Amino acid sequence: MLIQAAGLALLAGLSPTALLIAAVYLGSARPRLTATVYLAGAVIMSLAMGVVILLVLRSANLSRPAEHTPRYGLRLGLGILLLLAAAAVIARHRRRPPDPAKAQQGFMARLVANPAPATAFLAGLLVFAPGVTFLAAVQVIATARAGVDLTALALIIVVVINVLLVWLPIVLHMVAPDLTTRYLKAFNGWLRAHGQAILSVVMAAAGAFLVANGIYGLAVVH
């Protein structure tokens, strides 16, 4: 259970947008304060939604042996949804190449344009609103027959991994601020150019895993 949930959380946490925003905040006038507030928003959103999703799924009693088919049917459905989303991202990227000038006009770009603690907290909440991959990670926990202690530990692990690309740059910045800032700035151009491709690959990988897991679970005869 822990390995599956952690793996899906890692895929959920591989967000180009989250890393780009962290890089912007770490290059601002108050880098550590702004980035830490951004991290706080990300953790609060991830933890709050993780608890809500966990309680909703646990209330459906999907961890019971009798709910074997609905449990794996849900995983299959989430996997198909992720594969469709990945295909949509690829199709949109091929149909209309990104225009850097227009990309700067988005709401999130305007929110991040003037780094400040208040807007950084809001950015953390918005960027880490739960996606399908995060939902799948929590679903693995919710449908496992585990006690309260193990469930709480698994959820904390998922949240920590989900915000990996926020706290890791902050830690690196504390250890080597100049080097971290320089590498993040150099990496930003590549990430902006390939962010959509990275996102589609991550979504496709998570979707393929969930589809395979769902089909396998439904095919197993108990």
Side-chain angles (χ1 to χ4, degrees), residues 8-53 82 85 88-89 92-93 98-138 155-175 177 180-203 206:
L8 288 168
L10 179 60
L11 290 174
L14 295 177
S15 167
T17 300
L19 182 56
L20 281 170
I21 294 175
V24 170
Y25 289 152
L26 287 174
S28 65
R30 293 181 291 176
R32 293 180 187 175
L33 173 61
T34 308
T36 300
V37 174
Y38 172 52
L39 174 61
V43 171
I44 289 173
M45 173 59 80
S46 300
L47 186 59
M49 294 310 302
V51 171
V52 170
I53 295 169
L82 273 171
V89 170
R92 185 171 65 249
H93 181 68
D99 183 348
K102 291 182 179 179
Q104 296 301 319
Q105 299 173 2
F107 171 75
M108 189 58 66
R110 294 196 302 271
L111 185 67
V112 179
N114 297 306
T119 55
F121 183 76
L122 179 58
L125 294 177
L126 295 177
V127 171
F128 285 88
V132 178
T133 314
F134 180 77
L135 172 60
V138 179
L155 184 58
I156 291 172
I157 291 173
V158 164
V159 170
V160 170
I161 295 176
N162 187 51
V163 298
L164 172 70
L165 292 185
V166 180
W167 64 258
L168 183 57
I170 294 175
V171 172
L172 293 176
H173 189 272
M174 290 179 177
V175 175
T180 301
T181 301
R182 186 165 64 251
Y183 273 102
L184 284 176
K185 286 181 178 179
F187 185 61
N188 272 357
W190 182 87
L191 195 58
R192 289 179 188 275
H194 299 89
Q196 292 297 315
I198 295 172
L199 179 63
S200 61
V201 169
V202 169
M203 294 171 66

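Predicted, not measured: the structure shown is a model, and the values here were computed from it. Below, all heavy atoms of this structure are taken into account, side chains as well, without hydrogens, waters or symmetry copies.
Between the side chain of Ser200 and the backbone N or O of Ala197 there is at least one donor-acceptor pair closer than 3.5 Å. A side-chain donor-acceptor contact under 3.5 Å links Trp167 to the backbone of Val160. Although no hydrogens or angles enter the test, the distance criterion places no donor-acceptor pair under 3.5 Å between the side chain of Ser28 and the main chain of Pro115.
Here the side chains of Leu155 and Val51 are in contact, with some heavy-atom distance below 4.5 Å. Annotation: side chain of Leu111 is in contact with side chain of Leu126 (closest heavy-atom distance under 4.5 Å). Contact of the Phe187 side chain with the Leu19 side chain is registered, since non-hydrogen atoms from C-beta on lie closer than 4.5 Å. The shortest side-chain heavy-atom distance between Pro130 and Met45 falls under the 4.5 Å cut-off.
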task: Run the numbers on Leu39 and Ile170 for side-chain contact (heavy atoms from CB on, under 4.5 Å), then give the verdict.
output: CA-CA 9 Å; Leu39 174 61; Ile170 294 175; 4.0 Å; yes

query: Given Leu8 and Phe134, is the side-chain contact (heavy atoms from CB on, under 4.5 Å) satisfied, shown in steps?
result: CA-CA 7 Å; Leu8 288 168; Phe134 180 77; over 6 Å; no

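Note: Ile44 CD1 to Met49 CE = 14.0 Å, rounded to the nearest 0.5 Å. The CG atom of Asn162 sits 11.0 Å away from atom CG of Leu47, with the distance rounded to the nearest 0.5 Å. Atom CG in Leu135 sits 5.0 Å away from atom CD1 in Ile53 (nearest 0.5 Å). The structure places OG of Ser46 at 12.0 Å from CD1 of Ile161, a figure rounded to the nearest 0.5 Å.
Partners of Val202 according to the side chain to side chain contact (heavy atoms under 4.5 Å, CB included) rule, which considers only residues two or more places apart in sequence or in another chain, are Leu11, Leu14, Ile198. With sequence neighbours left out, Tyr183 forms a ring pair (Phe, Tyr, Trp, His ring centres under 6.0 Å) with no residue at all. Under the side chain to side chain contact (heavy atoms under 4.5 Å, CB included) criterion, Leu33 pairs with Arg30, Val37, Pro117, not counting sequence neighbours. With sequence neighbours left out, the side chain to side chain contact (heavy atoms under 4.5 Å, CB included) criterion links Arg32 to His173, Met174, Pro177. Listed by chain and number, the residues in a side chain to side chain contact (heavy atoms under 4.5 Å, CB included) with Ala23 are Leu184, Asn188 (sequence neighbours excluded). Applying the ring pair (Phe, Tyr, Trp, His ring centres under 6.0 Å) criterion to Phe128, with sequence neighbours excluded, gives no partner residue.
Scanning both residues, Ala206 and Leu82, for their nearest heavy atoms gives CB-CD1, 3.7 Å. Contact record, Val158 with Ala137: CG1-CB, 4.1 Å, taken as the closest heavy-atom pair.
Under the side chain to side chain contact (heavy atoms under 4.5 Å, CB included) rule, Val112 has a single partner from Val127, Leu20, Thr34, Ile21, which is Ile21.
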